[in-house]
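Read through the structure below, which is laid out as structure tokens, and then see the notes.
In what follows, residues are counted from 1 in the order of the sequence shown.
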Amino acid sequence: MSFTALSTAAAGLKSTQAAISVVSQNIANVGTAGYIKRTLDTVAQGPGNSGVAIGTIGRILDDAALKQLRLETSGSSYTSMMSDVRTQLDKLYGIPGTSTALDGVMNDFTLALQTLAADPTSAPARSTVVSAASNLASKIGSIANGVQSLRTATENQLGNDTASASGLLSSIAALNTKIAATSDDAAKADLLDQRDQAINSLSGYLDVQTSPQRDGTVTVITASGVTLVDRGAAATLSFDGRGTLTPDSAYSSDPAKRGVGTITATTPGGAKIDLVASNAIRSGSLAAGIELRDTVLPQAQRQLDDLAAGLSRSLSDKSATGTPVSTSVGTGVDIDLTGLSAGNAITITLKDASGTQRNLILVPSNTSPAAAVNPADTSDPTATIVPITVTSDPASISTAIANALGSTFSVTAQTGVGVGGVRILSKTGSGAPAIQGVTASVTQSTSPTDTQNGAVQIPLFIDGIGSGRLYTGSFDGGSQLTGFAQRITVNPTVVAKTETLVKSSTQTQTSDATRPNYLYDALTSASRTFSAASGIGGVDAPYSSSVRDFAQRIIDAQGAAAATAQNLDEGQGIALATAQGRFASSSGVSIDEEMSKLVELQTAYSANARVLTAARDMMDTLLRI
């Protein structure tokens with residue numbers, strides 16, 4: 001027998017033994033998270049490639065399946081967080097139709113007004129109206145506080161997730177360094193498993209992609225192209241959380257104006273990137289947290305603020321509508337703006353020569369210069385917004401409007417219309433747009449205590465800030481609308497003197513149902529325009545309805561959004577499970593496959609051992625000759 005056969009059999013035993021060791025390792029790690037199936041690559045050697053030698057230990061890795069797994073992991077983390085928070089948000093409003101839900105409390109209030117209108121002399125009916133009004137204000141405030149609690153929790157979660165993601169980036173960079181310096185195949189395979197598992201975990205926080213390098217390291221970048229790990233160097237992620245958030249807390253790219261935390265990536269070179277401002281994070285729990293904190297929950301707050309504002313102003317304001325008029329000077333409208341207060345916006349609808357219609361919104365202010373106005377805080381953010389300064393002198397109204405409109409319009413006081421009567425005309429031949437209409441919502445009281453001035457309107461709900469003030473939508477000192485849901489309260493003057501719900505003046509009889517009938521109709525029949533920012537009317541579209549209908553639409557919108565989020569999360573969960581199954585089938589350990597391979601290796605091992613045994617017997621025979 002040739003000594004070549006002996007060496008070949010010996011090499012075969014060694015190779016088979018090593019392969020059995022790899023199979024045993026695979027079986028032992030069948031339940032280990034992140035473990036990738038190992039294989040032993042052998043190479044031919046010896047004369048005529050008749051022998052075999054141990055090559056390298058490799059991993060059976062499906063790169064496409066791994067990429068899909070990370071994509072679905074990121075998406076699942078996003079939808080899971082969105083579904084969880086939206087479900088919590090929906091629960092704040094209560095089960096629709098129940099007495100403790102927002103719509104139930106609103107219905108109790110309108111029913112109490114209807115009952116009072118039927119029997120205005122009833123003191124218990126008046127007390128029931130006040131109690132129902134208080135419950136409604138309290139319900140709106142508690143929901144709004146819950147919204148801000150969810151924002152605060154989301155802010156804290158963003159801080160925790162950012163810290164975890166930053167730690168994973170450091171781990172990936174450290175593993176890159178070890179992998180590049182390791183020559184032992186088995187040790188390198190273990191390190192590669194650890195790195196892949198770290199990147200998989202990172203994909204739960206934000207959308208990442210990897211680019212392999214020749215030295216075995218990887219570069220990790222976001223889907224938007226921001227490099228987070230480059231070989232052994234990693235960016236550091238930080239979050240400057242602001243603790244408890246309020247309705248005024250909002251994101252801004254200007255650090256001086258920003259009221260919430262942002263995620264900053266600091267590169268090894270010291271450069272800083274605001275990942276929120278650059279929209280660099282588009283999926284994962286961080287993206288969901290940013291969207292919830294800065295978009296979803298602020299919109300929920302805005303809906304409640306709009307509801308509170310509509311509730312207050314529908315009862316305290318008079319709708320002023322211009323009456324068409326035509327003179328030798330031009331055509332336009334006469335409108336009574338008596339009592340115009342800061343924030344009582346005047347909407348002028350214009351049509352130019354091309355037929356394009358647009359709105360011009362004049363926002364009164366008691367300051368000079370007039371307070372700045374954020375278009376998003378008006379009913380129509382697409383309109384042209386012009387702040388104007390007015391004083392207690394009625395003549396200041398026409399003067400301020402004239403200054404705002406310019407010389408192509410004629411604006412004069414019109415005493416025949418009312419103390420604050422104004423005539424607004426597009427001058428003939430001036431090229432000014434035609435006036436299609438002018439409307440305003442004018443607060444009829446001068447203070448919370450002004451409840452019997454003869455007007456049918458009454459400031460039943462007021463702004464509870466300080467000692468209490470009228471809600472007029474003012475922008476003096478900041479938007480009064482922002483956070484009004486938390487501050488809305490029942491007027492103490494009405495609580496102390498419930499007969500004011502019936503008596504609009506000291507001469508009015510307690511049997512007069514005019515005021516309670518008006519209040520009921522103002523909530524259930526009269527149409528008001530709610531802001532586009534509430535999202536109820538669609539994207540950038542104001543929504544017109546009664547206050548009661550608007551409350552119902554809020555509940556419907558939140559319920560539908562929660563159901564949609566849950567459905568998306570369920571679908572994404574299926575997609576993730578499919579990706580996990582695909583990856584496990586290609587790169588995971590199968591007991592059946594490994595046991596089958598073990599039988600093959602045992603057979604090969606026995607065959608090589610028999611060759612060596614035969615060679616030994618032959619040598620013994622030769623030596624005895």
So does [Y] get a backbone contact from the side chain of [X], meaning a donor-acceptor N/O pair under 3.5 Å?
X: Ser253; Y: Ala277; value: no
X: Asp90; Y: Arg86; value: no
X: Gln301; Y: Val147; value: no
X: Asp317; Y: Ser314; value: no
X: Gln480; Y: Ser474; value: yes
X: Arg515; Y: Leu501; value: no
X: Ser546; Y: Asp549; value: yes

[X] [atom1]: over 12 foreign heavy atoms closer than 6.0 Å:
X: Ile95; atom1: CD1; result: no
X: Arg358; atom1: CZ; result: no
X: Lys318; atom1: NZ; result: no

Salt-bridge criterion met for Arg242 and Asp240 (N-O under 4.0 Å):
yes
Pair Arg548 + Asp103: basic N to acidic O under 4.0 Å
no
Which atom of [X] lies closest to which atom of [Y], heavy atoms considered:
X: Gly330; Y: Leu425; value: O-CD2, 4.0 Å
X: Arg487; Y: Thr482; value: NH1-O, 3.0 Å
X: Asp450; Y: Ser445; value: O-OG, 2.9 Å

Do [X] and [Y] get their side chains close enough for a donor-acceptor pair, meaning under 3.5 Å?
X: Asp512; Y: Thr508; result: no
X: Thr391; Y: Ser396; result: yes
X: Asp306; Y: Ser531; result: yes

To the nearest 0.5 Å, what is the distance between CG on Asp556 and CD on Gln552?
4.5 Å
Between Phe484 and Phe461, does the ring centre distance come in under 6.0 Å?
no
Just checking Phe550 against Phe530, ring centres under 6.0 Å apart?
yes
